Amino acid sequence: MASKPIVKVIGTGGTIASVTSSRLDLTLYPETGHRILIKESLDRVPEVNELAEIRSEDLMSEASTFIGPSQWPRIARHINKVFREEPEVDGIVLTHGTGTMEETAYFLQLTVKSSKPVVMTGAMRPASALGTDADLNLYNAIRVAAHPDASGRGVLVVLNNQIHSGRDVTKTDPLHVETFKDYDMGLLGYADPDGEVVFYRSTVRKHTTATPFDVEQIESLPRVDIVSSYAGSDALLVEAVRRNGSAGLVLAGVGGGSVESPGPKAAMEAMKEGMTVALASRTANGRVVMTPGKERDGFIVADNLLPHKARILLMLALTVTKDRRAIQKMFYEY
Ligand code: ASP
């Protein structure tokens with residue numbers, strides 16, 4: 001009999017690891033509950049041992065609101081180390097809170113140096129809740145990480161039987177299990193109840209081994225802030241970012257980012273002082289396109305990346321170059 005694939009499951013916390021005393025507590029658990037270890041999460045789903053030989057470890061135990069630029073390089077380095085030092089591992093599952101999962105996923109999509117599957121999962125209902133999705137999501141994530149078709153597709157996010165790309169996925173609903181979507185880009189496939197893992201598409205944007213970002217060299221990420229436009233918004237928040245001396249700024253425009261509005265106008269001053277500014281959009285779909293005015297004024301356009309994804313690419317880009325054209329090219333490629 002062929003040996004089972006080896007999947008390493010790495011825990012970071014989140015709702016998937018949360019338990020509380022009432023099965024009806026689906027909203028108060030961040031205040032009333034506590035988090036269990038990854039081994040305890042796995043013990044709840046012994047069926048995973050039929051799918052793969054499981055190894056597990058806890059990297060941290062946090063709500064995902066506490067996972068960000070200070071933790072991302074460490075998480076990426078750790079995943080790269082597992083693939084380097086345990087070459088027999090076929091895939092990795094990373095459990096994570098759903099709040100910032102899409103941001104960690106895009107960071108890893110750009111920094112993991114392996115084509116083996118890295119699958120993120122979490123839960124919308126704590127492990128102790130009636131109808132929790134914690135156990136099934138963990139099972140399905142392991143199923144995908146163990147599947148040969150999952151290789152070479154970048155970082156995958158698996159919840160609710162759906163497989164998403166770490167580049168395009170976003171949380172769209174604060175409460176319900178049907179929350180992760182990819183808007184226009186669509187999901188990649190399903191980890192379905194009939195036991196099948198099916199892919200329909202791959203992202204064609206460069207990722208993992210095809211990017212120049214080397215987390216071994218990154219001590220800390222340059223600070224990049226996001227300022228959103230809204231009806232009547234003025235230069236106040238852009239000024240605050242400028243005064244802070246942040247390395248970069250993503251402006252989430254009300255549409256394609258008119259350079260005549262107060263935010264971009266204030267950002268032009270910041271660019272003169274060396275800040276790199278990318279124009280994204282607060283709309284869910286579509287590209288922010290380059291115009292002669294944006295080109296002349298020195299902006300980068302974020303293509304179809306959501307503002308918080310554009311921030312991650314800009315942070316990483318600034319670790320290798322400050323050249324605007326080189327950074328713009330990355331926004332068209334990653
Ligand atoms: N507050 C949680 C977190 O992001 C939500 C979740 O895990 O689903 O860690």
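Since the structure is predicted, the reported quantities are computational estimates derived from the model, not experimental observations. Counting starts at 1 for both ligands and their atoms, following the listed order. Sequence positions, counted from 1, serve as the residue numbers for this chain.
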Partners passing ring pair (Phe, Tyr, Trp, His ring centres under 6.0 Å) against Tyr106 (at least two apart in sequence or in another chain):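 Per chain and number, Tyr106 pairs via ring pair (Phe, Tyr, Trp, His ring centres under 6.0 Å) with no residue.
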Within the 4.0 Å heavy-atom sphere of ligand 1, strictly under, residues: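 Lining ligand 1: Gly14, Thr15, Ala63, Ser64, Gly97, Thr98, Gly99, Ala123.
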Transitive ILVMFWY side-chain link Ile218 to Leu108, under 4.5 Å: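 Both belong to a single hydrophobic cluster.
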Can you list everything that forms a salt bridge (Lys or Arg N to Asp or Glu O under 4.0 Å) with Arg223? Sequence neighbours excluded, please.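 If we apply the salt bridge (Lys or Arg N to Asp or Glu O under 4.0 Å) test to Arg223, skipping adjacent residues, the hits are Asp225.
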Pi-cation contact, Tyr334 with Arg167 (under 6.0 Å, within 45°):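 No cation-pi geometry.
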Could you tell me whether Glu269 and Arg242 have a side-chain N and a carboxylate O separated by less than 4.0 Å?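 Looking at Arg242 together with Glu269, the answer is no, because their closest N to O distance does not fall below 4.0 Å.
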Go through the structure and list residues passing side-chain hydrogen bond (donor to acceptor under 3.5 Å, both in side chains) with His164, not counting sequence neighbours.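 Counting only residues at least two positions away or on another chain, His164 forms a side-chain hydrogen bond (donor to acceptor under 3.5 Å, both in side chains) with Asp182.
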